[in-house]
Amino acid sequence: MLATPPDFDVLIVGAGISGIGMAAHMEMKAPHHSYAIVERRENLGGTWDLFRYPGIRSDSDMHTLGFDFEPWRHEKSIADAPAILDYLNRIVDERGIRQHIRYGHKVVSADFREDEARWHVEMELDDGSTTRLTANFLYLGAGYYDYDEPYDPGFDFGEYEGQVIHPQFWPDDLDYSGKKVVVVGSGATAVTIVPSMAKKAAKVTMLQRTPTWMFSRPAKDRIANFLRKVLPEKLAYRITRFKNIRMQDYAYKMARDKPEKVKETLWSKIEEALGQGFDKDAFSPPYNPWEQRLCLVPDADLFEAMKAGKAEVVTGHIEKFEKGGVRLKSGEFLEADIIITATGLKLAVAGKIAISVNGEPVQFNERFYYKGCMFSNLPNLAVVFGYLNASWTLRADINSDFVCRVLNHMRATGSDIAVPVLTPEDEAKIVEDDVFDFSSGYIQRGKHIMPRNSIEYPWRLNQEYVIDRKRMAEDPVVDGLLTFRRAGANAQSAEEQLEAAE
């Protein structure tokens with residue numbers, strides 16, 4: 001072992017769902033390892049603290065967006081941000097995690113030095129100064145999008161004199177009572193904002209270039225709430241979680257196998273909410289369901305706002321922003337006191353941290369995913385990129401559990417380094433797959449920076465949680481690819497791996 005230990009065994013980047021989940025798993029499954037969480041913001045919660053726009057809520061049910069180890073207790077399974085933050089705060093307090101969080105620490109770079117078997121992590125503090133921490137293992141829970149810059153479609157607002165707001169940077173003091181609002185976009189953010197703002201605004205128009213598939217479901221899960229009354233809390237949660245995971249999986253596969261049938265089901269739900277004669281074209285995207293993520297409309301709130309005349313959906317292309325509103329290429333003019341540009345996010349890899357090994361920069365688009373958790377030939381680093389077709393936390397849970405298994409194996413064998421080895425010969429044999437076969441704009445725009453994906457496990461970011469969960473939990477950690485060694489050793493294959501310590 002090295003004479004001088006690192007500051008921590010594990011450094012977790014980000015105090016959102018992914019980072020808190022990893023800390024909780026370590027407390028339960030790798031309790032003899034030291035860790036710290038570094039968070040650039042002054043509060044925990046990640047996405048759920050950053051976004052402050054009206055109505056912000058989950059677009060997945062909290063029985064699957066919640067952790068596998070912590071029951072969701074609220075009556076609503078489609079939860080707003082304050083309820084999600086309450087959930088996260090309860091976890092960090094009850095499990096002794098809060099004392100491990102360091103706020104106001106923005107990670108700028110991380111260099112893994114193999115001779116020391118540790119990461120040297122440089123951080124900026126709120127006052128502009130810098131600091132450094134060292135850790136044997138780095139766990140990136142910083143999310144998947146750029147916290148500093150949203151996607152900019154290049155709109156020219158030169159003639160427009162009203163307010164222009166992006167949901168990622170929502171002002172605390174915005175008064176939209178009695179105002180006419182145009183929300184540009186038709187994704188999950190727009191679908192959330194429109195019905196919420198419609199409660200106070202004179203009218204809210206959702207302006208979409210192309211429609212989005214939408215589905216309505218109750219915000220409360222009646223089965224979950226019933227089970228909680230008659231069964232022990234943890235058992236009720238497990239049953240509900242199992243039910244919802246299976247339903248998500250079934251719905252996704254049905255959409256892929258029988259898209260026309262799913263389309264009819266979605267349209268029938270909208271007709272049920274809006275009545276016969278609704279504008280079907282406004283809810284008929286040029287792609288099949290689940291080629292982009294479906295937008296959830298809890299309790300049909302968007303449709304209720306439309307029926308009440310407080311909201312409308314307009315499909316068209318923008319000609320220009322003029323004084324007083326938006327001119328469409330059709331000639332139609334939409335009046336707007338406020339314009340909300342819900343035009344999407346900008347993907348970021350590894351939290352935009354400059355990752356290097358022995359001073360050599362790491363290009364993630366040259367590496368393959370390993371089990372959707374680590375990367376080819378990159379030592380002692382794991383990441384969370386959640387599911388596109390299911391809840392984010394499902395992947396966060398199984399990755400955290402897997403990393404704890406890796407950490408425990410390293411300790412048992414006296415290893416300092418764990419690296420998924422992909423030789424040039426084996427890499428040449430890999431048949432690549434599209435890492436994201438989704439047509440969503442933010443996915444397509446960011447694909448060039450994303451890691452590579454094989455058609456075969458384990459060199460891929462898989463999109464089948466039920467299969468992934470079983471593999472990650474049951475497949476041996478020592479699989480002939482994930483190699484363990486001490487600092488200074490040169491083991492490159494399973495045959496050269498260290499024997500377990502006596």
Side-chain angles (χ1 to χ4, degrees), residues 13 18 110-112 114 119 137-144 347-358 360-389 392 394-396 398-403 405-406 409-410 417-438 443-465 467-472 475-485 490-494 496-497:
V13 180
S18 301
D111 180 48
F112 187 77
E114 289 193 273
W119 290 95
F137 203 100
L138 192 61
Y139 189 87
L140 302 180
Y144 66 103
L347 280 183
V349 175
K352 299 197 298 182
I353 301 165
I355 302 289
S356 58
V357 177
N358 300 324
E360 289 293 320
V362 170
Q363 303 299 329
F364 282 92
N365 59 2
E366 297 175 357
R367 311 261 174 170
F368 279 89
Y369 275 106
Y370 172 75
K371 295 187 175 181
C373 179
M374 299 177 74
F375 299 101
S376 58
N377 304 321
L378 186 54
N380 292 22
L381 182 143
V383 69
V384 180
F385 194 108
Y387 289 96
L388 296 175
N389 58 5
W392 178 276
L394 297 177
R395 175 110 58 200
I398 60 175
N399 281 14
S400 297
D401 181 73
F402 177 76
V403 172
R405 292 176 65 204
V406 170
H409 182 80
M410 291 172 72
I417 296 174
V419 56
V421 174
L422 180 60
T423 65
E425 295 77 18
D426 287 338
E427 182 174 332
K429 299 174 186 176
I430 287 179
V431 178
E432 289 197 54
D433 190 15
D434 191 342
V435 66
F436 302 125
D437 60 347
F438 272 45
I443 293 292
Q444 296 302 314
R445 290 191 298 269
K447 282 170 66 172
H448 66 286
I449 65 172
M450 301 305 291
R452 299 164 73 185
N453 211 39
S454 169
I455 61 170
E456 294 183 349
Y457 198 81
W459 302 114
R460 68 179 279 108
L461 181 75
N462 208 32
Q463 292 293 329
E464 294 184 89
Y465 167 71
I467 293 174
D468 292 346
R469 179 183 61 187
K470 182 177 177 64
R471 283 171 168 166
M472 294 288 271
D475 287 359
V477 170
V478 180
D479 61 358
L481 298 172
L482 186 59
T483 301
F484 297 86
R485 65 178 188 267
N490 295 308
Q492 292 294 314
S493 65
E496 298 176 80
Q497 290 181 51

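This chain uses plain numbering: 1 for the first residue, then up along the sequence. This is a predicted model, so every value here is computed, not measured.
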Checklist entry - Which residue pairs pass the salt bridge (Lys or Arg N to Asp or Glu O under 4.0 Å) test with at least one member in residues 369-388, sequence neighbours excluded? => result K371-D479
Checklist entry - salt bridge (Lys or Arg N to Asp or Glu O under 4.0 Å): which pairs involve residues 456-465, sequence neighbours left out? => result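 Qualifying pairs, neighbours excluded: K253-E464, D433-R460.
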Is the backbone N or O of [Y] less than 3.5 Å from a side-chain atom of [X], with the two atoms forming a donor-acceptor pair by type?
{"X": "N462", "Y": "G372", "value": "no"}
{"X": "S376", "Y": "F368", "value": "yes"}
{"X": "N399", "Y": "V384", "value": "no"}

Item to check | Step-by-step side-chain hydrogen bond (donor to acceptor under 3.5 Å, both in side chains) determination, S18 to Y139 | outcome: CA-CA 9 Å; S18 301; Y139 189 87; over 6 Å; no
Next on the checklist: Going by the rule salt bridge (Lys or Arg N to Asp or Glu O under 4.0 Å), which residues pair with K352 if we only count those two or more places apart in sequence or in a different chain?
Outcome noted: D146, D148
Item to check | E427: salt bridge (Lys or Arg N to Asp or Glu O under 4.0 Å) partners, not counting sequence neighbours | outcome: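 Scan of E427 (salt bridge (Lys or Arg N to Asp or Glu O under 4.0 Å), adjacent residues dropped) gives R452.
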Who passes side-chain contact (heavy atoms from CB on, under 4.5 Å) against [X], sequence neighbours left out?
{"X": "P420", "answer": "Y370, M374, W459, L482"}
{"X": "Q363", "answer": "P361, N365, E366"}
{"X": "A110", "answer": "W119, V121, L138, I353, I355"}

Contacts of type side-chain hydrogen bond (donor to acceptor under 3.5 Å, both in side chains), residue [X], not counting sequence neighbours:
{"X": "D475", "answer": "none"}
{"X": "D111", "answer": "R113, S356"}
{"X": "Y387", "answer": "D468"}

Heavy-atom check, side chain of [X] versus side chain of [Y], under 4.5 Å:
{"X": "M472", "Y": "D401", "result": "no"}
{"X": "E114", "Y": "R485", "result": "yes"}
{"X": "I455", "Y": "E432", "result": "no"}
{"X": "Y369", "Y": "P458", "result": "no"}

Next on the checklist: Could you measure the distance from the CD1 atom of I398 to the NZ atom of K470? Nearest 0.5 Å is fine.
Outcome noted: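 The CD1 atom of I398 sits 13.5 Å away from the NZ atom of K470.
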Checklist entry - Can you tell me how far CZ of F484 sits from NE2 of H409, rounded to the nearest 0.5 angstrom? => result 4.5 Å
Item to check | Steps toward side chain to side chain contact (heavy atoms under 4.5 Å, CB included) verdict (V349, M450) | outcome: CA-CA 7 Å; V349 175; M450 301 305 291; 3.6 Å; yes
Checklist entry - Looking at L422, V419, V383, V362, which hits side chain to side chain contact (heavy atoms under 4.5 Å, CB included) with L378? => result V362
Next on the checklist: Given F375, which partner from the list F364, F112, F385 fulfils the ring-ring contact (aromatic ring centres under 6.0 Å, His included) test?
Outcome noted: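 In the set F364, F112, F385, the residue that makes a ring-ring contact (aromatic ring centres under 6.0 Å, His included) with F375 is F364.
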Next on the checklist: On a heavy-atom basis, which atom in M410 and which in A418 lie closest, and how many Å separate them?
Outcome noted: SD-CB, 3.8 Å
Checklist entry - For K429 and D426, what are the C-alpha separation, side-chain angles and deciding distance, and is it a side chain to side chain contact (heavy atoms under 4.5 Å, CB included)? => result CA-CA 5 Å; K429 299 174 186 176; D426 287 338; 4.0 Å; yes
Checklist entry - Can Y457 and I467 be said to form a side chain to side chain contact (heavy atoms under 4.5 Å, CB included), step by step? => result CA-CA 11 Å; Y457 198 81; I467 293 174; over 6 Å; no
Next on the checklist: The test is side chain to side chain contact (heavy atoms under 4.5 Å, CB included); show your working for V403 and C373 and say whether it passes.
Outcome noted: CA-CA 8 Å; V403 172; C373 179; 3.8 Å; yes
